[in-house]
Amino acid sequence: MAGLESRTRFEPSEVEPRIIERWLSSGLFSPEAAGPAAENYSVAIPPPNVTGALHMGHALNGAIQDALVRYHRMLGRRTRWTLGTDHAGIATQTQVEKSLVQEGTSREELGREAFVQRVWAWRERYGGTIVEQFKRLGASCDYQHERFTLDEDYAQAVARVFVDLYHAGLIYRDHYLVNWDPGSGSAISDLEVADREVTDTLYDVAYPLIGAAPDEAQEVIVATVRPETMLADTAVAVNPLDERHAHLIGRRVRLPLVNRELPIIGDEYVKADFGTGALKVTPGHDPNDFEIGRRHDLNQLSVIGEDGRMTDLAGPRFTGLEVSEAQVAVVQALREQGYLRAERPYTHTVPYSHRSGRRIEPLVSLQWFMRMDELAAPAAEAVRSATVRIHPASQARRYLQWLEEIRPWCISRQLWWGHQLPVWYRGQETHVALTPPEGDGWRRDEDVLDTWFSSALWPFATLGWPQTTPELDAFYPTSVLSTARDILFLWVARMVMMGLRFTGEVPFSDVYVHSVIQAPDGRRMSKSLGTGIDPLDEIDRHGADAVRFGLLAMSSSQDVRYSPEKVQQGQGLANKLFNASRFVLMHVDPAARAAPAPETIEDRWILSRLERAKQQTAERLEGYDFSHAALGLYDFVFGELCDWYLELVKPRLEPAADAEARASVSANLLHVLSETLALAHPVIPFVTEEIHAHLRSASDPELLAGARWPAAHPELLDEPSERAVARAIEAVQAVRGWRDSVGCAPRLEVPVRLEAPGYEQTGGLLARMARLRLAGEEQASAPAVATVAVPGGSVAVLDVSGLDLGAAQRRVQESARRLRSEIARAEGKLANAGFVAKAPPAVVEAERAKLAALRAELEAL
RNA sequence: GGGCGGUUAGCUCAGCUGGUCAGAGCGCCUGCCUUACAAGCAGGAGGUCGCUGGUUCGAGCCCAGCACCGCCCACCA
């Protein structure tokens, strides 16, 4: 017990490291792989980037998952929270490359093998950071079985999936227009691209019409924001329904600067009312044109290379120029040669790489793709049939919509850090298998897989799939996946697809999509904007419990601003619980723990309120309603347990109090406090664990983290007592307000006569908490000098001197005025024939009762 | 261009199937070092619930329109 009484504040920084140690050495977080998955509780953490550091999103999701995991562990389920990190191809490679540049070398200089070794070394050095940070948050992950998406057996699983899908015809290689990210030097998927609004120049360029009759237009004018790509034009398209242009279909134009003849084709994609109604078609450098090109069997010319420079095909004048330089040069040339008809500023959205921030260059290139339609259908059905439940439901609609419009996924990346494709080539031969081909002359495909390809296997590959392991039996399918909205498609949908395809089961039954935490000013939290708040700084300042509570309290189904006040509130809660516990331990011997023994009305009240808090907290956690779970605990601890119950029982704890009263209140206090600690533990594990160490009796488990969730005691529910005490509390507050307004000395005991029903059991409570002395029979007719309205009637103040009676009078009048207006409103309502006739009888009855009560109160004044 | 969500006290947000729903925390004001907690306690001020209509006996709560704000999806050169 030493340590708890000696401080008046909860000191997180002193307590947390010690508790983390105890948790980790207890083995509680690393359950035995036994029992069926349906009975166990299993969560696979969204693996953070191996080189990453804990940010607010991790902290929020960590708090959410840990609340769920701790709650279910306390319910007695075998609970495993699988921890691990993602190799995060582009992100990690970019980071290591940056450090190479600082050393004056480069990836290319090192060569692939040495570079990959460097990344592994980097991972050795920095990979543990985020795992340590999860510990500081108090996350009860299974740290003994940490996984990494490049682990040897994980890599085997990835290769196996690739090979299977290839042989099933779902993975194929194709020349296709991809999002080329010049920053990372790799193709990236559609989901890694973000549009940004930019203002470019829209140029009108004249393409001379070949064989134009003297009486017709001599040229076709096209509009473009990327004139440099005209060098790769292979057609001009018009809408066949466009009267101005339809007659041109089948004719030809001459491409300026290049002098190539281009056919004029008809395609309904072209908007007659946009620009000039004629579209230059560049299948090699524009996604739409690529589609048009496929429909019309056009050539795909490339004038831009993967290095972002113009290729030989661009012609001697432009070869080797950067794209932006080429644009200037092409416009210059067009102007010189008289083909430029107009130019004007034009604002539109263009794709940028999520990773490198560079503008995407659409290029035709030979890549590996995955056909998604066949996998998407069962994944959609899983959600439609609620085999996978997405919370909130609005996110399920987004998920389904995305799956309906799904397109092939470009899965190859031109990187060195990742799962290299299990593909070998020799001449025209292609070998796709788990093992290299026999014989000489084979060359392995240099590309690696999109990181999300391997993460899609996370829930089962972390448990040993494709082997049938005890872990897989015990913990797959997992129970819930908690994640941010932005990776619903990138990751969640793909896990469902892969899970169904390769295990025949959905990877999780529930998906909780949590808020994105914005900066307090509503902007994105980001390092580059300087709007980021480091959760570890917050933990240092306020404690992990405070941060966890705060994050849960601010979470909601939509984006929220970071609220330091909520963290402060959490800190207050931790401190409050700590001090309440100190108080209890100062007066009660925890070894003398006994069953609760309600003796007084406040005992029955708090025990009943505790039952409700237990039920409510469980419901809210199970319903993914974390903010109300957290705030509800706060309300119970402050608003009921500390503000009222502890104050109410103080007299019974005095040494002077009789032994029976002390025994009763001791049992009740210990019961309420220990169950409250358990209730709060999933949200604020540290402070509750710390108190538990001092409070526990011999029969309790050593760690609260390993204790059971308090069982329901329906026999302790007592609604009449709840009502009576609630009414008494209101009365106390009314009297305190009155005392304050009339300048009544805080300590002065005021003689009063209670003139209201409903306080039969709570009169003593009322008197003590409001510092009143209740008059006996002998003063039944003593004159009142003032009156205080309380629920159901009034308190008549007798013979008290030194008060501001004017203020008292004003207060009475204020009460009366309020009552009269409420009475008038109730009367009006009841006088309304429509209300009486159409409202449900119970509502009308309630209104009548309310009116009667109000009249009684007014009367008493 | 579609779709979704938001607009409630100075700030950040709660308000379940329409009838004590006008709330919380923080901030602010007043008074208290009351022997668990001054990171505390008690009291108080503060909102025509974005705007306009409608449905209803009754509307922050339902419907329509509008105005802002945010997010997602989308190939208009």
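Chain identifiers are assigned alphabetically (A, B, ...) following the order of the sequence lines, protein sequences preceding nucleic acid strands; residue numbering begins at 1 within each chain.
Comparing rC61(B) with rC69(B), their P atoms are spaced 23 Å from each other, to the whole Å. Here the separation of rA38(B) from rU34(B), taken at their C1' atoms, is 12 Å to the nearest Å. Atom P of rU17(B) sits at a distance of 27 Å from the matching atom of rC11(B), rounded to the whole Å. Only the C1' atoms considered, rC21(B) is 26 Å distant from rC29(B), to the nearest whole Å. Atom P of rG60(B) sits at a distance of 10 Å from the matching atom of rA22(B), rounded to the whole Å.
One atom, CZ of Arg736(A), and another, P of rA42(B), lie 6 Å apart when rounded to the nearest Å. Here the P atom of nucleotide rU35(B) and the CD atom of Glu654(A) are 12 Å apart, to the nearest Å. Note: CZ (Arg747(A)) to C1' (rC32(B)) measures 9 Å, nearest angstrom. Computed from coordinates, the Arg739(A) CZ to rG44(B) P distance equals 14 Å when rounded to whole Å.
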Under a 4.0 Å heavy-atom criterion, the protein footprint on nucleotides 17-28 of chain B, written with B, S and -, is --B-----SS--
Where protein sits on nucleotides 70-77 of chain B, one letter per nucleotide: B base, S sugar-phosphate only, - none, heavy atoms under 4.0 Å
-SSS-BBB
Please convert RNA chain B into dot-bracket. A pair counts if it is Watson-Crick or G-U wobble with both distances under 3.5 Å; crossing pairs go in [ ] and bases paired with another strand get |.
(((((((..((((.....[...)))).(((((.......))))).....(((((..]....))))))))))))....
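Between Cys410(A) and Ser189(A), the closest heavy-atom pair is O-CB, 4.2 Å. In plain terms, the two heavy atoms of Phe549(A) and Lys566(A) that are nearest each other are CD2-O, 3.6 Å.
Within 6.0 Å of the CZ atom in Arg344(A), the count of heavy atoms belonging to other residues, nucleotides or ligands exceeds 12.
A salt bridge links Glu219(A) to Arg341(A): one of the charged nitrogens lies within less than 4.0 Å of a carboxylate oxygen. Using a cutoff of 4.0 Å between basic side-chain nitrogens and carboxylate oxygens, Arg359(A) and Glu361(A) are not scored as salt-bridged. Ion pairing of Glu538(A) with Arg541(A) is present here, as a side-chain N (NZ or NE/NH1/NH2) and a carboxylate O approach within less than 4.0 Å.
Taking 4.5 Å as the limit, every side-chain heavy atom of Tyr203(A) sits out of range of all side-chain heavy atoms of Leu334(A). Taking the side chain as every heavy atom from C-beta outward, Pro362(A) and Leu177(A) approach each other to under 4.5 Å.
Side-chain N or O atoms of Arg244(A) include one that pairs as donor or acceptor with a backbone N or O of Ala272(A) at under 3.5 Å.
Test Tyr624(A), Phe626(A), Tyr399(A) against His391(A) for ring pair (Phe, Tyr, Trp, His ring centres under 6.0 Å) and you get one pass: Tyr624(A).
Judged by distance alone, the side chains of Gln733(A) and Arg736(A) never bring a donor and an acceptor atom under 3.5 Å apart.
The base of rA36(B) is paired with the side chain of Glu647(A) by a donor and an acceptor separated by under 3.5 Å.
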